Amino acid sequence: MEDKEFAKELPKKHEDISRWYTDVIAKAELADYWLVRGFMVIRPYGYALWENMTALLDARFKATGHKNAYFPLLLPESLLVKEAQHVEGFAPQVAWVTEAGTEPLEERLAVRPTSEAIFGTMYSKWIQSWRDLPMLINQWCSVVRWEKRTLPFLRTTEFLWQEGHTAHRTEEDGVEETMRMLEVYRDFVEAELAIPVVKGRKSESEKFPGAVDTYTIEALLPDGRALQSATSHHLGQNFARAFNITFQDLDGERRHVWTTSWGLSTRTVGAVIMVHGDDSGLILPPRIAPVQVIIVPIHGKDADEPALREAVDKVSSALSPRFRVEADWSDKRPGWKFNEWEMRGVPIRLELGPRDLRARQVTLVRRDDLERKKQPVPWDGLEARVAAELEAVQGALFQRALQFRAANTRRVTSGEEFRRVMEGPRGFILADWCGDAACEARIKDETGATVRCLPLDTEAAKGPCTWCGRPGQAQALFARAY
RNA sequence: CGGGGCGUGGCCCAGCCUGGUAGGGCGCUUGGUUUGGGACCAAGAGGCCGGCGGUUCGAAUCCGCCCGCCCCGACCA
């Protein structure tokens, strides 16, 4: 009964998750549509969220020895086509610049869909000796891949991301880097975004165009579909050969370098929205929430305005050195503010009214608490309590997501069972698989599911292929994909 | 790119069938009373009805084409 009126404005998450998703993005002011289909404006609140994510991820890149740089937006077609698999994979999605002002260009320029060709070109100039290796560079930028069907954050034509590009002396070094960065992503997504992921290797058909091996972290979204949340590619010497990246080794021999690339995009913002949100709107993990604590002042009948302001300032300044805290002094009424900040997913609300003033306390409410329990907390020791509650919210969100995934991951041993799961609850399916691309295509045709990855931590296949009965090569994680 | 739906002040929508010169709710502005789960009163501002063309004395309304958005499918971080 309480907020029927308000709830009507947002569809129930479990009843219409597509509408819920796009509506919550609009209402929480994360993003808005641009005039060109597939492009979006990331609004200040959404961008603050992304900035918090990038800061935490960037720190991990720095800690693993990488440096940031910036490479150009456009590249000549002749560069893009140097690696055959690469160009074939990206051709359908590339946007082209063909004119400058009124003059046609003699060679059309591709808007980067990714920057392997760009980095490769420069690396061939910069790398001469084994002493130049490893070369460990990352860039934060946007890329363009033309999309047929788009969705804010989860699938936009232009998206923000980072792409790391590294070059190494030996294959082992390259593989090690690939796995190191995959682990960086896992740690980042699980610890900061509170989203559990499965680490795995992509099948041949899902591999990055031009890669020897693609590794991925896969998250499960509430509608039972999988989201590739980050990828790390071992590129072998494919790009080194295509772009002539060579060095003189210790033994005097000239050799091709081994390269890697790895990326994480604004798509993960979509995952955060989807995984944690509820019927009242966003729920943001405290580590990345633009506002971690919102203070709502409440004027009473016998309002002592100066005393209220003084108390809010006191609470605010006690918390602000350590937390991202804001006080909402707008002239909306308290109920309106409660709903508004819940929509925006702020992890902790502190109410401060006449009763609290008298008792020298605040009333604390956690966003992840469906009951909206109002907990009185004395001013003394507030900082420690808030720290503990934020940690608790972070942990609770991860546990909730972990439970959902566990409840929706099914070990399947027959084609019939496979079909039933995909027609019903969907989710992750673990099944023995022969590894054959044709078999994979058949599974996709008949169930909509694809091989998300071959999980790194599950044992090899125990039995024959669940689908075709031929000898099982590996245990694969299947799901419908975003 | 196929199938379906929808385009009317900032937002949600009525009006269209049966043509006659645009209306409601929310929001916004100003003033006042309010403030512990989306307050109330009063006075205001704001729209060439997605675009182009056609029919007509007259088009938001009828016809054609185009564009955009949403949902569902094939391709993708």
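We use all heavy atoms of the structure for the numbers below, so side chains are in, but hydrogens, waters and symmetry mates are not. Model, not experiment: these values are computed from the prediction.
Each of A:Ala481 and A:Trp34 was assigned the nucleotide of RNA chain B with the nearest heavy atom; the assignment lying further toward the 5' end belongs to A:Trp34. Comparing A:Arg155 and A:Thr22 by the nucleotide of RNA chain B that holds the closest heavy atom to each, the one mapping nearer the 5' end is A:Thr22.
Taking the side chain of A:Ser18 as heavy atoms from C-beta on, and the options B:rG37, B:rC71, B:rC76, the nearest nucleotide is B:rC71. Comparing B:rC71, B:rA74, B:rG37 by their nearest atom to the side chain of A:Arg372 picks out B:rG37. Listed nucleotides B:rG37, B:rA77, B:rG73 differ in distance to A:Arg149; the shortest reach to its side chain belongs to B:rG73. Comparing B:rC75, B:rC72, B:rG37 by their nearest atom to the side chain of A:Arg349 picks out B:rG37.
B:rU18 and B:rA59 have their C1' atoms separated by 14 Å, given to the nearest Å.
Shown here, B:rC6 forms a base pair with B:rG68; the pair counts as Watson-Crick or G-U wobble because both key distances fall under 3.5 Å.
A donor-acceptor contact closer than 3.5 angstrom links the side chains of A:Lys202 and A:Gln228.
Side-chain contact between A:Arg349 and A:Lys337: absent, with no pair of heavy atoms (C-beta onward) separated by less than 4.5 Å.
As judged by a 4.0 angstrom heavy-atom cut-off over every strand, A:Ser265 is placed among the base-contacting residues. Counting any heavy atom pair closer than 4.0 Å across all strands shown, A:Thr156 reaches a base atom.
Judged as a ring pair (Phe, Tyr, Trp, His ring centres under 6.0 Å), and not counting sequence neighbours, the contacts of A:His165 are A:Phe119.
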Could you go over nucleotides 27-36 of chain B and give all protein N or O partners under 3.5 Å, atom names and distances?
from	atom 1	to	atom 2	distance (Å)
B:rC28	OP1	A:Lys332	NZ	2.9
B:rU35	OP1	A:Lys301	NZ	3.0
B:rU35	O2'	A:His299	O	2.8
B:rG36	OP1	A:Arg333	NH1	3.4
B:rG36	OP1	A:Arg333	NH2	3.1
B:rG36	O6	A:Gly353	O	3.3
B:rG36	O6	A:Pro354	N	3.0
B:rG36	O6	A:Arg355	N	2.5
B:rG36	O6	A:Asp356	N	3.2
B:rG36	N1	A:Asp356	OD2	2.5
B:rG36	N2	A:Glu351	OE1	2.8
B:rG36	N2	A:Asp356	OD2	3.1
B:rG36	N2	A:Thr363	OG1	3.2

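At the phosphate of B:rA77, neither OP1 nor OP2 sits under 4.0 Å from any side-chain N or O atom of A:Thr268. The shortest distance between the side-chain N/O atoms of A:Tyr33 and the OP1/OP2 oxygens of B:rG68 is not below 4.0 Å. The phosphate of B:rC76 (OP1 or OP2) has no side-chain N or O of A:Arg267 nearer than 4.0 angstrom. Between A:Lys444 and B:rC75 there is a side-chain N or O to OP1 or OP2 distance below 4.0 Å.
Ring pair A:His234/A:Trp262: centre-to-centre distance not below 6.0 Å.
Ring-plane geometry between A:Phe61 and A:Trp140 is classed as tilted, the angle between the planes lying from 30 to 60 degrees on a 0 to 90 degree scale. In this structure, A:Phe239 and A:Phe208 have tilted ring planes: the angle between them lies in the 30° to 60° band.
Using a cutoff of 4.0 Å between basic side-chain nitrogens and carboxylate oxygens, A:Lys444 and A:Glu440 are not scored as salt-bridged.
Using a 5.5 Å limit on the distance between ring centres and a 30° limit on the angle between planes, the aromatic ring of A:Trp161 does not count as stacked on the six-membered base ring of B:rA77.
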